[in-house]
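Report on one structure; see the data block that follows.
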Amino acid sequence: MECSSSLRFCIPKKPLPSISTVLFSSICSSSSRKQQRLISQQLSAVSYKKFIHFASEETKLHTHLEPSPLQERYNSRISMDGKADIQMLSFEATKIRHLRSLCIESQTMQILDFAVFPEPEFDMPIFCANFFTSANINIVVLDLNPLHDVISQRHYRDKYYKSLIPLGVKYSELLPWGGKLTSESLKFFSPIVIWTRFTSSPNNYDVLYSAFMDYYKAWLALMDQAVVETNASQIICNREAQHRYLTWRAEKDPGHALLKKLIGETQAKDLLVNFLFNGIDELGSKTFLDYFPEYGCEDGTVNQSRSMIGKSFESRPWDTKGEFISAK
C-alpha cells in the first residue's frame, strides 16, 4: 500500500495480474468472440426477406400491386445505436387496402412483421405473420386474423375457415402451441392460428417457411373468391371491425417496446399508428377505450396490462374440427 502523509490517506497499489488471470481473461474473450460469431452465423442463415419476396411475387399472380403513398415516407430506418437495419415495404391493390412488411436485421435478431388488410367492402380475414428470431429461440404468430368473431359467429367461421381446418391441424402438429395466450388476444385469432416457440434450427426454419407459403396461398385464394359487398350497413360493420382490430394492435402490440428501444418512443409510435396499423385515422373515430372500456384508468389513461380478465389459454383452444374449447 502506498501512503501519502500530506493528504493523510492511503491508496492501495493494485497488484499485477497473475499469468493465470491473464490467460483466463484471454480465453473468456476468445470464447465470447467465438460465441458472437456463431450467433451471427446462425442468424445469417435466416432471412425473412425470402418470405417477403415470396409474398410479393405470389400476390402479383393474383392482382396488380401498386406502391402505397406510404412507401416514400416509410422505407428504411437505422436504429439509434446503428446496429439494426429496418426495412419497410408498402403496397395496395384491388381488394387490398394495405399490404406492408417490416423487417429488422441485426447481429442478434431477425424480425418480420407482415400483414395484408382488405378493403372495407370485403369481410376477408387479415393476413398476419409476426416472427422473432434470435440464436436460441423463435417466437411465431401466423394466422388469417378474423375480421369478425369466429367464436360467436359460426357463419363467418364456416365461410372462411371450414375448408382450412386441415391446413391448421397439419401445422399445429409441426409447430405446437407456444404457451399462455390471453383471452383478450384470442378474440383476434382464428381456429387455424399458429402461435409457437421453437429453438433455432434449419429444419424448423424450413417448416415455418412452408407454413407461411401455404397460409399465404390460402389467403390469396380467399381473396380471389371474395365478392364485393354492396350492403352499406355491412360495409360500415366491416370498416368498424377492422378499425377495432387496428386500434387494439397499435395500443397493445408486443413489438412496441422493442421499436421504442431501437428508434425511440416518438418514431416507434408513429410507425405503429401510421404505417404498421395504418387506417386508424381513416376508418373510424372511436378510441381504444371506446372499444375496450375495461382498460380505462381513473385518470382517463389506458391500463398497460396485457389482460384485464386474467384468463389465459395454456394449450390450443380449438379442437381438430375447429370447434372452440373453453379453457380449463
Side-chain angles (χ1 to χ4, degrees), residues 28-55 76-89 100-115 127-143 171-182 185 189 193-213 215-216 249 252-265 267-268 271-272 275-277 304 306 312-314 316:
C28 287
S29 178
S30 176
S31 176
S32 178
R33 288 195 297 270
K34 288 180 180 178
Q35 185 178 24
Q36 186 62 46
R37 283 198 298 271
L38 179 61
I39 291 174
S40 296
Q41 289 170 359
Q42 289 174 325
L43 287 173
S44 64
V46 176
S47 177
Y48 288 128
K49 291 178 181 178
K50 172 182 177 181
F51 291 60
I52 298 170
H53 177 74
F54 165 79
S76 65
R77 298 281 191 280
I78 298 295
S79 62
M80 293 186 294
D81 62 6
K83 296 181 179 180
D85 180 47
I86 305 171
Q87 295 293 326
M88 293 162 279
L89 291 172
R100 53 75 171 162
S101 67
L102 179 141
C103 189
I104 302 175
E105 294 185 344
S106 74
Q107 290 187 335
T108 58
M109 64 181 175
Q110 300 267 3
I111 295 173
L112 173 65
D113 189 334
F114 179 86
F127 185 86
C128 166
N130 295 119
F131 305 155
F132 170 86
T133 294
S134 68
N136 301 316
I137 191 71
N138 290 260
I139 302 173
V140 166
V141 174
L142 176 64
D143 194 23
Y171 284 108
S172 67
E173 292 174 352
L174 295 171
L175 301 167
W177 192 253
K180 289 184 178 181
L181 189 70
T182 66
S185 297
F189 292 132
V193 62
I194 299 300
W195 149 237
T196 190
R197 302 169 188 260
F198 55 81
T199 55
S200 296
S201 74
N203 179 65
N204 286 334
Y205 177 69
D206 289 342
V207 171
L208 180 60
Y209 184 52
S210 177
F212 179 87
M213 290 191 294
Y215 271 54
Y216 195 60
R249 291 294 306 274
K252 293 295 180 180
D253 192 270
H256 185 185
L258 178 60
L259 285 174
K260 178 180 176 180
K261 181 180 178 181
L262 292 175
I263 57 178
E265 173 63 14
Q267 286 198 56
L271 209 61
L272 284 165
F275 177 73
L276 291 177
F277 306 113
Q304 296 304 304
R306 290 289 299 166
S312 61
F313 297 81
E314 295 188 15
R316 191 171 189 84

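Worth saying up front: this structure is predicted, and the values here are computed from it rather than measured. Side chains are part of it too, since the values below use all heavy atoms of this structure and drop only hydrogens, waters and symmetry mates.
Across all their heavy atoms, Val207 and Tyr171 have their closest contact at O-CE2, 4.0 Å. The nearest pair of heavy atoms linking Ile78 to Ile263 is O-CG2, 4.4 Å. Minimum heavy-atom separation, Leu89 to Phe275: O-CZ, 3.5 Å. Closest approach of Ser47 to Glu105, counting heavy atoms only: OG-OE2, 3.7 Å. Heavy atoms only, all atoms of each residue included: Leu142 and Ala129 are closest at CD1-CB, 4.0 Å. For Lys260 against Ala268, the heavy-atom pair with the smallest separation is N-CB, 3.7 Å.
Val140 is listed as a side-chain neighbour of Leu208, based on a closest heavy-atom distance under 4.5 Å. A 4.5 Å side-chain heavy-atom check between Arg249 and Cys128 finds at least one atom pair inside the cut-off. Gln87 places none of its side-chain heavy atoms less than 4.5 Å from the side chain of Leu102. With a 4.5 Å cut-off on side-chain heavy atoms, Gln110 and Ser134 do not count as touching. Between Ile52 and Cys103, some side-chain heavy-atom pair lies under the 4.5 Å cut-off. Put simply, the side chain of Leu271 reaches to within 4.5 Å of the side chain of Met88, judged on heavy atoms. When side chains are defined from C-beta on, Thr182 does not count as touching Phe313, because their heavy atoms never get closer than 4.5 Å.
Side-chain polar atoms of Ser79 and Asp81 form a donor-acceptor pair below 3.5 angstrom. Remark: the Ser101 side chain and the Tyr48 side chain contain no N/O donor-acceptor pair separated by less than 3.5 Å.
Looking at residues two or more places apart in sequence or on another chain, you find no ring-ring contact (aromatic ring centres under 6.0 Å, His included) involving Phe189. In this structure, the side-chain contact (heavy atoms from CB on, under 4.5 Å) partners of Gln304, at least two apart in sequence or on a different chain, are Glu251, Val302.
Just one residue in the list Phe114, Tyr216, Phe131 forms a side-chain contact (heavy atoms from CB on, under 4.5 Å) with Phe51, and that residue is Phe131.
Tyr209 carries Lys50 over the face of its six-membered ring, with the cationic atom under 6.0 Å from the centre and within 45° of the normal. Judged by a 6.0 Å distance limit and a 45° cone about the ring axis, Arg197 is not positioned over the six-membered ring of Phe132.
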Taking it one step at a time, do Leu262 and Met80 satisfy side chain to side chain contact (heavy atoms under 4.5 Å, CB included)?
CA-CA 6 Å; Leu262 292 175; Met80 293 186 294; over 6 Å; no
As a quick check of understanding, evaluate side chain to side chain contact (heavy atoms under 4.5 Å, CB included) for Ile194 and Val141, giving each step before the final call.
CA-CA 6 Å; Ile194 299 300; Val141 174; over 6 Å; no
Tyr205/Thr133 under side chain to side chain contact (heavy atoms under 4.5 Å, CB included): CA gap, chis, key distance, verdict:
CA-CA 10 Å; Tyr205 177 69; Thr133 294; over 6 Å; no
Checking side chain to side chain contact (heavy atoms under 4.5 Å, CB included) for the pair Phe127/Asp143: CA distance, chi angles, key distance, verdict?
CA-CA 6 Å; Phe127 185 86; Asp143 194 23; over 6 Å; no
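Checking side-chain atoms of Asn204 against main-chain N and O of Thr199 turns up a donor-acceptor pair under 3.5 Å. At least one donor-acceptor pair closer than 3.5 Å links the side chain of Thr196 to the backbone N or O of Pro176. In this structure, Arg316 contributes its side chain and Val193 its backbone to a donor-acceptor pair below 3.5 Å. Judged by distance alone, the side chain of Arg100 and the main-chain N or O of Leu276 form a donor-acceptor pair under 3.5 Å. Without hydrogens or angle criteria, Trp177 side chain to Ser172 main chain gives no donor-acceptor distance under 3.5 Å.
A salt bridge does not link Arg77 to Asp85: none of the charged side-chain nitrogens sits closer than 4.0 Å to a carboxylate oxygen.
Taking CH2 from Trp195 and CG from Asn130, the interatomic distance works out to 10.5 Å, rounded to the nearest 0.5 Å.
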